[in-house]
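Contents: one structure, followed by commentary.
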Amino acid sequence: MALRMENKVAYITGAGSGIGKATALKCSQEGATVICADYDEAGAKATADQIAKAGGQVMVSKVDISNQDQVKASIQEALKKYGRIDVMIAAAGVGSNEKFDDVSSEDWEKMIKINLTGNFYLLQAIHPVMREQGAGSIVLFSSTAAYSGGTGMNPAYVAAKSGVNGLSRHCAALWTKEGIRVNTVMPSWVVTNFNKAAKDTDGVAFDEKENQEWYKNGTANWPMKRPSTPEEMANAAFFLASDEASYISGINLLVAGARYVFNQ
Ligand SMILES: NC(=O)c1ccc[n+]([C@@H]2O[C@H](COP(=O)([O-])OP(=O)(O)OC[C@H]3O[C@@H](n4cnc5c(N)ncnc54)[C@H](O)[C@@H]3O)[C@@H](O)[C@H]2O)c1
């Protein structure tokens, strides 16, 4: 069977962990040359090493997506090396569980800066590249929190992810006629380092046993009675990014195992 991303160059943020890592591996397995972009350089390098070991083409780009100059430089670095970027999958993000009444102005700014403004920087940096090519495919990551209200999360995270959904549709409406498709995946709960990273963000100690119980108890009443794997999210993002989704642009896709669909 032909590979589904052969001869394409895919720039992937958050490639050092979780969903971004699984997506980078998937794109590589399907023939893409991959740029592992992350501010965790060691994580990105570990993913890149795995790809290179399996025979894939790959480079690492260290970038903090909340820094516009770094985002521009990272895209240019990839462009200089490979001459084009066909796919951008933006999975970098960070959570926080701060409750509404406790959110300081600094917490708010930080959540918005990484999770929303960072995606704006990425979109603004990649647009001229894909417009010039007359082709490109972009997949962003928001969250079911943008759909459900995400009462367990920091309201700034929920607002940022809702903003990503809007930004994605805005760009799809403007750019699809230029040959650039833009879509967003809205994951539910995914087993990654995300919960630990959220606790780090909030300065709260992480407890793996509590984390496992949280997954188990939290999903007991869900239709699938489990959180998803990062690979299940990677598959959805890969499909939207690939040519198989050639007529799909401007959607915010809930990938949540019928959570929010059944009669609660
Ligand atoms: N895991 C979940 O339950 C879940 C649920 C809904 C949405 N999401 C979203 O999915 C995406 C991926 O999350 P994950 O679960 O793989 O988390 P993760 O913590 O495993 O991975 C996130 C990656 O993003 C990187 N990153 C964070 N901030 C960055 C920045 N400013 N610049 C560059 N890189 C940065 C981290 O270093 C890490 O490698 C995020 O956008 C997250 O909001 C996750």
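For ligands, and for the atoms within them, numbers begin at 1 and follow the listed sequence.
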**Asked** Which atoms of ligand 1 are found less than 4.0 Å from any heavy atom of Gly18?
**Response** 16 (O), 20 (O)
**Prompt:** Considering only protein heavy atoms, which is closest to atom 37 (O) of ligand 1, and at what distance to one decimal place?
**Reply:** Asp38 OD1, 2.6 Å
**Asked** Is the closest N or O pair between Ala91 and ligand 1 shorter than 3.5 Å?
**Response** yes
**Message:** How far is atom 3 (O) of ligand 1 from the closest protein heavy atom, and which atom is that?
**Reply:** Val190 N, 2.9 Å
**Message:** With nothing but distance in play, are any N or O atoms of Trp189 less than 3.5 Å from an N or O of ligand 1?
**Reply:** no
**Prompt:** Where the closest heavy atom to atom 9 (C) of ligand 1 is concerned, which of Gly93, Ser142, Ala44, Ser74 has it?
**Reply:** Ser142
**Request:** Using a 4.0 Å heavy-atom threshold (strictly under), name the region of Lys21 that reaches ligand 1: side chain, backbone, both or neither.
**Result:** neither
**Request:** Ignoring hydrogens and angles, tell me if any N or O in the side chain of Arg169 forms a donor-acceptor pair with the backbone of Ser249 under 3.5 Å.
**Result:** no
**Prompt:** Is Val71 close to Gln124 at the side-chain level, that is, under 4.5 Å between some pair of heavy atoms?
**Reply:** no
**Message:** Judged on heavy-atom distance to atom 8 (N) of ligand 1, which of Phe141, Tyr157, Tyr121 sits nearest?
**Reply:** Tyr157
**Request:** Measure from NZ or CZ of Lys26 to the centre of the six-membered ring of Phe238, then state whether that distance is under 6.0 Å and the direction lies within 45° of the axis.
**Result:** yes
**Ring-face cation contact, Trp214 with Lys196, 6.0 Å cut, 45° max** = no
**Message:** Would the distance check show the side chain of Asp86 and the main-chain N or O of Ala10 forming a donor-acceptor pair, the cut-off being under 3.5 Å?
**Reply:** no
**Message:** Tell me the nearest of Gly43, Ser143, Ser188, Pro230 to atom 4 (C) of ligand 1, using heavy-atom distances.
**Reply:** Ser188
**Request:** Could you check Val164 against Phe141 for side chain to side chain contact (heavy atoms under 4.5 Å, CB included), going step by step and ending with a plain yes or no?
**Result:** CA-CA 8 Å; Val164 169; Phe141 271 90; over 6 Å; no
**Asked** Distance-only, no hydrogens or angles: does the Arg181 side chain make a donor-acceptor pair with backbone N or O of Tyr247 under 3.5 Å?
**Response** no
**Prompt:** Is there a heavy atom of Met233 sitting under 4.0 angstrom from any atom of ligand 1?
**Reply:** no
**Request:** Measure the distances from the heavy atoms of Ala90 to every atom of ligand 1 and state whether one is below 4.0 angstrom.
**Result:** no
**Request:** For ligand 1, indicate whether the residue Pro227 contacts it via side chain, backbone, both or neither (heavy-atom separation under 4.0 Å).
**Result:** neither
**Message:** Out of all atoms in ligand 1, which are within 4.0 Å of some heavy atom of Ala92? Include the element for each.
**Reply:** 24 (O), 26 (N), 34 (N), 35 (C), 41 (O)
**Item:** Close side-chain approach of Met130 and Ile138, heavy atoms under 4.5 Å
**Value:** yes
**Message:** For atom 31 (N) of ligand 1, what's the nearest protein heavy-atom neighbour? Residue, atom name and distance, please.
**Reply:** Asp64 OD1, 2.9 Å
**Item:** ligand 1 atoms in contact with Asp40 (distance to a heavy atom under 4.0 Å)
**Value:** 37 (O)
**Request:** For ligand 1, indicate whether the residue Ile114 contacts it via side chain, backbone, both or neither (heavy-atom separation under 4.0 Å).
**Result:** side chain
**Request:** Could you tell me whether the side chain of Thr33 and the main chain of Val9 form a donor-acceptor pair under 3.5 Å?
**Result:** no
**Prompt:** In a check of side-chain hydrogen bond (donor to acceptor under 3.5 Å, both in side chains) between Gln212 and each of Glu208, Lys216, Glu210, which one passes?
**Reply:** Glu208
**Message:** Given 3.5 Å as the limit, does a donor-acceptor pair link the side chain of Thr219 with the main chain of Tyr215, or not?
**Reply:** yes
**Fill in**
heavy-atom search around atom 33 (C) of ligand 1 in the protein gives Val63 O, 3.1 Å
**Message:** What protein heavy atom lies closest to atom 34 (N) of ligand 1? Include the residue and the distance to one decimal.
**Reply:** Tyr39 N, 3.3 Å
**Message:** Quick check against the 3.5 Å criterion: does Asn119 have a side-chain atom that pairs as donor or acceptor with the backbone of Leu140?
**Reply:** no
**Request:** Take Phe206 and Asn211 through the test side chain to side chain contact (heavy atoms under 4.5 Å, CB included) and record every step on the way to the result.
**Result:** CA-CA 8 Å; Phe206 176 77; Asn211 190 42; 3.6 Å; yes
**Request:** Looking only at protein heavy atoms, identify the closest one to atom 20 (O) of ligand 1 and say how far it is in Å.
**Result:** Ser17 OG, 2.6 Å
**Asked** Tell me, which protein residue and heavy-atom name are nearest atom 10 (O) of ligand 1, and how many Å apart are they?
**Response** Ile19 CD1, 3.4 Å
**Donor-acceptor contact present, side-chain Thr144 to main-chain Tyr147, <3.5 Å** = no
**Asked** Tell me: protein heavy atom nearest atom 15 (O) of ligand 1, and distance?
**Response** Thr192 OG1, 2.6 Å
**Request:** Check each heavy atom of Thr13 against ligand 1 and say whether those closer than 4.0 Å belong to the side chain, the backbone, both or neither.
**Result:** neither
**Asked** Can you check whether Ile65 has an N/O within less than 3.5 Å of an N/O in ligand 1?
**Response** yes
